[in-house]
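To start, the structure under review is shown below, and the notes come after it.
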There are 2 protein chains.
Amino acid sequence: MSNHELPRTEETRVKRLPEKQVFDRAALNALLDDAIVGHVAIVRDGKPLVLPVGIGRDGDTLLIHGSTGSGLFREIADGRPLTIAVTLLEGLVYARSAFESSMHYRSAVIQGSATLVEGEDKLTALGILTNHMMPGRWEEVRDTTKKELAATMVLRVPLDVVSVKISDKPVDEFEDDGDDRAIWAGILPLRTVAGAPIPSAMTPEGTPVSPSVIAQTIKLA
Amino acid sequence: MSNHELPRTEETRVKRLPEKQVFDRAALNALLDDAIVGHVAIVRDGKPLVLPVGIGRDGDTLLIHGSTGSGLFREIADGRPLTIAVTLLEGLVYARSAFESSMHYRSAVIQGSATLVEGEDKLTALGILTNHMMPGRWEEVRDTTKKELAATMVLRVPLDVVSVKISDKPVDEFEDDGDDRAIWAGILPLRTVAGAPIPSAMTPEGTPVSPSVIAQTIKLA
């Protein structure tokens, strides 16, 4: 069973704008379920490396997957320390000054290390990852072959050391922000939406769009 | 003057899916101009740290800014190696197999280190950063105070060591992907759009939305 509260330790303490930190695990889960991409950072030869990765969530763990041919994934799989940031930009804050202008966002910073997912768990994890990106697609497509499975690396990162920040407050504006109240201030909400699906070359004309395409379109709307 | 070609060195060589790498500096510029957020990674106490930051572009350099009270920014400002990833997710690739399912994206990975922007350049850089996020807002808002300027750190990272990847190809699908052509395969395009602007508490009723709000809405549309 999941702890409802995220940990409050020195490692997870948000130093900058701590009033935006939240400790509700449900908020973390909602963010991870809404996001499709995260950014994973490792140290390679003493230097920082950061790359985008597709994510999925399995209970209180984060799943990522990549090619067994990926240098990054082989390095991550060796158990070295990693940090994954998952960020959703959700609005622009038009204040009365450049200084107070900012963004609405939700972000999680996950620290830890990864372990390989193998055996029967690997297929289950790939199903979770596929359905995270395209809800229900795993059940629509043909079975994954042994060769494909062997070419894919699946990694699991526990969601133990996690900081979550939510910026969703009204504009900071003050009586002394100049006399000109005529300037518009406020929030411009941003969201990601799906456009019209574009069928592939091998899709026969008239083939109905898959339920997983509709499900993702609805999830984003 | 800018070099039109991005560097082709071992440092910038994309190892994974190298066919997606592009060397056109215009493609880098377009990505950076379309993106609002990047993810900056540094090494702290031997461990990787990655956090989202607002970005701007000034010619062949990337600008980022934060509070002088931010530990991350003070560390970045000491000139240590950093990597910044800028990623835009632009579509989901619904293939006929989970294995070939993927994403359309543009991504840049920038390696280097940052230098402080100071003096008169600092105000100019803040104008670029503000107008990057909200086109024209710098000219709409009141002047930045000396106190605000002192509380803000602006950093510049040269766009010298950069890898750009663009994933925008049709679905990989094959004759032996099972006999069931009835399944829909294709691309679900994704994009970020602006919703209806929400006026702040101090904005008098009937105040027209600022041109910078309209400009950002149009830029995203």
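Just so it is clear, the values below take in all heavy atoms, side chains as well, and ignore hydrogens, waters and symmetry mates. Naming convention: chains lettered A, B, ... in sequence-line order (proteins, then strands); numbering from 1 in each chain.
Between the NE2 atom in B:H104 and the OG atom in B:S167 there is a gap of 5.0 Å [rounded to 0.5 Å]. Rounding to the nearest 0.5 Å gives a distance of 9.0 Å between CD1 of A:I128 and CG of A:D121. Note: A:W138 CH2 to A:L129 CG = 9.0 Å, rounded to the nearest 0.5 Å. If you take CG on A:L155 and CZ on A:F73, they are separated by 6.0 Å, rounding to the nearest 0.5 Å.
Counting heavy-atom pairs under 4.5 Å between each of A:P189, A:S67, A:G195 and chain B puts A:P189 at the top. Interface remark: of the candidates B:T192, B:L17, B:V50, B:V50 forms the most heavy-atom pairs closer than 4.5 Å to chain A. The greatest number of non-hydrogen atom pairs below 4.5 Å with chain A, out of B:S97, B:A85, B:G69, is found for B:S97. With chain A as partner, the option from B:R16, B:E173, B:Q111, B:Q216 having the largest number of non-hydrogen pairs under 4.5 angstrom is B:E173. Comparing B:K47, B:K15, B:M133 by how many heavy-atom pairs each has under 4.5 Å with chain A, the most go to B:M133. The most heavy-atom pairs under 4.5 Å with chain A, out of B:P199, B:P81, B:A41, come from B:P199. Between chain A and the options B:V141, B:T145, B:T152, the largest number of non-hydrogen pairs under 4.5 Å is found for B:V141. Per-residue counts of heavy-atom pairs under 4.5 Å with chain B were compared for A:L72, A:V171, A:L89; the largest is that of A:L89.
Heavy-atom distances place both the backbone and the side chain of A:I36 under 4.5 Å from chain B. Residue contact with chain A, scored on non-hydrogen atoms closer than 4.5 Å, involves the side chain of B:V37 exclusively. For a residue to count as touching a neighbouring chain, one of its non-hydrogen atoms must lie under 4.5 Å from one of that chain's; by this rule A:L92 touches chain B with backbone and side chain alike. When heavy atoms are compared at a cutoff of 4.5 Å, A:V109 approaches chain B solely by way of its side chain, counted from C-beta outward. Of the atoms belonging to A:S102, it is backbone heavy atoms, and not side-chain ones, that fall under 4.5 Å from chain B. For chain B, the nearby part of A:R137 is the side chain; its heavy atoms alone come within less than 4.5 Å. Proximity to chain B (any heavy atom under 4.5 Å) is shown, for A:V213, by both the backbone and the side chain. With a 4.5 angstrom heavy-atom cutoff, A:P170 does not touch chain B via any of its atoms. Heavy atoms closer than 4.5 Å to chain A are found in the backbone of B:A95, but not in its side chain. Contact of B:L190 with chain A is made through backbone and side chain together, with heavy-atom distances under 4.5 Å. For chain B, the nearby part of A:A196 is the backbone; its heavy atoms alone come within less than 4.5 Å. Only the side chain of A:T144 comes within contact range of chain B, with at least one heavy atom under 4.5 Å from a heavy atom of that chain. Heavy atoms of B:T130 lying under 4.5 Å from chain A belong exclusively to its side chain. Of the two parts of A:V43, the backbone and the side chain both hold a non-hydrogen atom closer than 4.5 Å to a non-hydrogen atom of chain B. For a residue to count as touching a neighbouring chain, one of its non-hydrogen atoms must lie under 4.5 Å from one of that chain's; by this rule B:V40 does not touch chain A.
Taking the six-membered ring where the residue is Trp, A:H39 and B:H39 present parallel rings, their angle staying beneath 30° rather than reaching 60°.
Checking side-chain atoms of B:K122 against main-chain N and O of B:L149 turns up a donor-acceptor pair under 3.5 Å. Listed for the B:D172 side chain is no donor-acceptor partner under 3.5 Å among the backbone atoms of B:E100. At least one donor-acceptor pair closer than 3.5 Å links the side chain of A:H132 to the backbone N or O of A:L32. No donor-acceptor pair under 3.5 Å is formed between the side chain of B:E140 and the backbone N or O of B:S210.
Using a 4.0 Å cut-off between charged side-chain N and carboxylate O, A:E148 and A:R142 make a salt bridge. Note on B:E90 versus B:R191: no salt bridge recorded, every NZ/NE/NH1/NH2 to OD/OE distance being 4.0 Å or above.
Screening B:D33, B:D34, B:D168 for a salt bridge (Lys or Arg N to Asp or Glu O under 4.0 Å) involving B:R106 leaves a single residue, B:D34.
Side chains of B:T203 and B:S200: a donor on one and an acceptor on the other come within 3.5 Å.
No more than 12 heavy atoms of other residues, nucleotides or ligands shown are found within 6.0 angstrom of CD on A:E120.
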